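Count residues from 1 along the sequence. Not measured: the values here are computed from a predicted model. Just the heavy atoms: all of them, side chains too, but no hydrogens, waters or symmetry mates, feed the values below.
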Amino acid sequence: MTSQSFLLALAGAVLFFASPGYSQEPVDLSVIQRIKAEAFENSKVMDHEFYLTDVYGPRLTNSPGYKAAGDWVIKRLQEYGLTNVHEESWGPFGRSWSYTHYAGHMIEPQYQPLIGFPMAWTPGTRGAVQGDAIYAPLNTDADLEKFRGKLKGKVVLSMPSKQLTMILEPLGHRLTDTELEARATSADPSRLANPFRPPLASGPATPEDRERQAQFRKKVNQFLRDEGVLVVLQYGYNGDGGTVFAAAGGSRDVKDPVPPPMVAVTPEHYNRIFRLLEHTIPVKLEFDIKAQFIDFPTDSFNVIGEIEGGRKKDEIVMLGAHLDSWHGGTGATDNATGSSVAIEAVRILKALDLHMDRTVRIALWSGEEQGLLGSQAYVKQHFADRETMQPKPEYYKLDAYYNDDTGTGKFRGIGAMGNLQVKPIFEAWLKPFHDLGATTVAGITALTARRPGGTDHTSFDYVGLPGFGFLQDPMEYNSRTHHSNMDVYDRVQPGDLMQGAAIMATFVYHTAVREQMMPRIPMPKVLPREHPSTN
C-alpha cells in the first residue's frame, strides 16, 4: 500500500465529518463499527439481565437481594478488567425490608386465590390468619373516629372500588416520528415547568401539603395498629388484568409507626370483595405472609468501577443507572435494563481495548426509588452540595454523566437538559445510529438545574454538572412493568438493550477522547427558599 492510499484508508476509517448535515465534531467511525459489532455479535447484556433479575431480583435497597446483586456486579466488573471496583457506602438510609412468602385467598362465600403481593415496610402475619372483610376508608380524622373500636381482627378494605374500562389501545408503544419531533421542540417556552417544584399531577402543590399528607399517613398507620387490624387490603395504584403496581405501605424510618400487614391485589379481585360487602354478604379472607424488617446496616452503598484513562486520567466520564428496585416483580425494566446496559457498555470498551484519555467510571446507584438518594449522596460527597454550592476539586474534573433508566425501550435520542452547546455534539454522535432509530436531541430549550427528580442524572444537573439521560421508547413501561409484579425478565427486549449499550459505549468513548471537556451551563445560584427534594 502506498503512503497516499494508506492516508486515504485512514481518512475513511477515522472520519471527521465536515460535509453538509454533520457538525465539525470528531466522530470515529472505525471505533463505532467495532462497538456495533461487539454489541450485536458478542452481546452479554441479557446475561447481565438474567443475573440481576432471575437470580438476584428483586433488589429493594439494603435488602438481601440488593446486597447479593451488588456483590455480583463487583465480581463481574472485576472479571471484565475494571479497576477500583468497590461498594461505596452512603447513608443513613434507614431499615430495609424483604418478604419471602405470600399467599392470599378468599375463603367465603366462595374460594378464590388473590393475585397480589405485600407492600414494602409492612410486617408479616406470623402464620396463616383469617378474618372478615370490612370497607373502612380512612381519609380524615372524622373517619378515624367513625371506625374506632370496629376494626379489631378485620381485613380492612381501605379504597373504594375501581372502575375498570376495556383496554382498546396497545399496551406497548414505540415513539413515532411525530412524537419524537414533539419531544425535541418547545412550542411555548413561557409554559416551561417550574424547575424547583414538581408538577401538580405528580403530587401535592407545596412541600407543606406533602408534609401534612405524610403526617396523616403515619397517624393512620398507628391507628390501624392500635385497633388490631389483621390486614389492610388495597388494589395497586395502576394496572388491572392481574398486573399490580404497588410500592411501600410503611416507612424505612425506625421512628415511624409500623402498620399492620398490607397487601395490594389486582383490582378485579378487590372489586369482587367490595361488591359482596356492598350487598351485605360476609366475606372471609385468609393471608399468610412472611416478611422481615432489616435494621442493620442503616447505610446503603453504590457500586463503583473504573477504566483508567491515559494522558487525562484525572478527568472523569461517568455512566450509570440505578441498581435498586421495588419488590413486586424482579426489577427487570426498572432498572436491571439500565444497569445491564451500563455494565455492557464498559464491557464493550474493555473488550475492544480502546485507549481513552479520560478515566471512565461506572456507578450503579441505590436508593433511587426512595428519592435518588444514592446519586444525590455521591454528588454531594464528590462534587458539590447544592445548599452551599462550594465545589470540591472533583467538580471541575467531571466531564459528563450518562444515565439509562426508562425501561426496555431502544434509545431514540438523548436529552440536552437545556444545554444548547451539546446539541451539535450529540447530533454528530447519533448520526451513525439513525438506522437504528436514534435520531433526536431533546430538551434544548429547557430550564436548567432542575431539582432532582425522575432519575439519577438530575442529581448531577442540579449542581451544574453535565448530566444526561437517554430518550427511550416507552414500550410497556407505564402500562405493564413499572413497579409491578410483571416487571420481569420476559418483558425485556434483547435487541433494544444491545442498541442502547452500543450507543452508551459510543457516547462514553467519544466523551473520553474528546480534546475538550463537554460544555457546561453556568453554575446555578442557591435559591433562599428551596425545599428538600421528594420523589
Tell me, please, which residues at least two apart from [X] pass ring-ring contact (aromatic ring centres under 6.0 Å, His included).
X	result
F223	none
H457	none
F468	Y402, F426
Y66	F301

Subject >> Qualifying salt bridge (Lys or Arg N to Asp or Glu O under 4.0 Å) pairs with a residue from residues 495-511, counting only residues at least two apart or across chains >> reply: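 Every pair satisfying salt bridge (Lys or Arg N to Asp or Glu O under 4.0 Å) with a residue in residues 495-511: R174-D496.
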
What I want to check is whether the side chains of [X] and [Y] have a donor and an acceptor closer together than 3.5 Å.
X	Y	result
Q472	T406	yes
S340	E49	yes
N403	T455	yes
E179	H173	yes

Original post:
Think R76 forms a cation-pi with F50, using NZ or CZ under 6.0 Å from the six-ring centre and within 45 degrees of its axis?
Top reply: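 No, R76 and F50 do not form such a contact.
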
Run the salt-bridge test on [X] and [Y] with the 4.0 Å N-O cut-off and return the result as yes or no.
X	Y	answer
K423	E427	yes
D71	K67	yes
E387	K380	no

Does atom [atom1] ([X]) have a neighbourhood of more than 12 heavy atoms from anything else shown, all under 6.0 Å?
X	atom1	result
E181	CD	no
R183	CZ	no
K218	NZ	yes
Y51	OH	no

Original post:
Looking at A345 and M504, what are the two nearest heavy atoms and their distance?
Top reply: CB-CG, 4.1 Å

Original post:
Under 6.0 Å between the ring centres of Y99 and F117?
Top reply: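 Aromatic pair excluded; centres sit 6.0 Å or further apart.
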
Original post:
Can you find a heavy atom in the side chain of D334 that is under 4.5 Å from one in the side chain of T481?
Top reply: no

Original post:
Looking at side-chain heavy atoms only, is the closest gap between Y395 and V463 below 4.5 Å?
Top reply: yes

**OP:** Using side-chain contact (heavy atoms from CB on, under 4.5 Å) as the criterion, point out the one residue from R347, E344, M498 that pairs with E38.
**Re:** R347

Original post:
Would S366 and W90 count as a side-chain hydrogen bond (donor to acceptor under 3.5 Å, both in side chains) if you check the C-alpha gap in whole Å, the side-chain angles of each, and the deciding distance to 0.1 Å?
Top reply: CA-CA 9 Å; S366 66; W90 64 268; 2.8 Å; yes

Subject >> Partners meeting side chain to side chain donor-acceptor pair (under 3.5 Å) with N221 (sequence neighbours left out) >> reply: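 Checked N221 against side chain to side chain donor-acceptor pair (under 3.5 Å); zero matches.
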
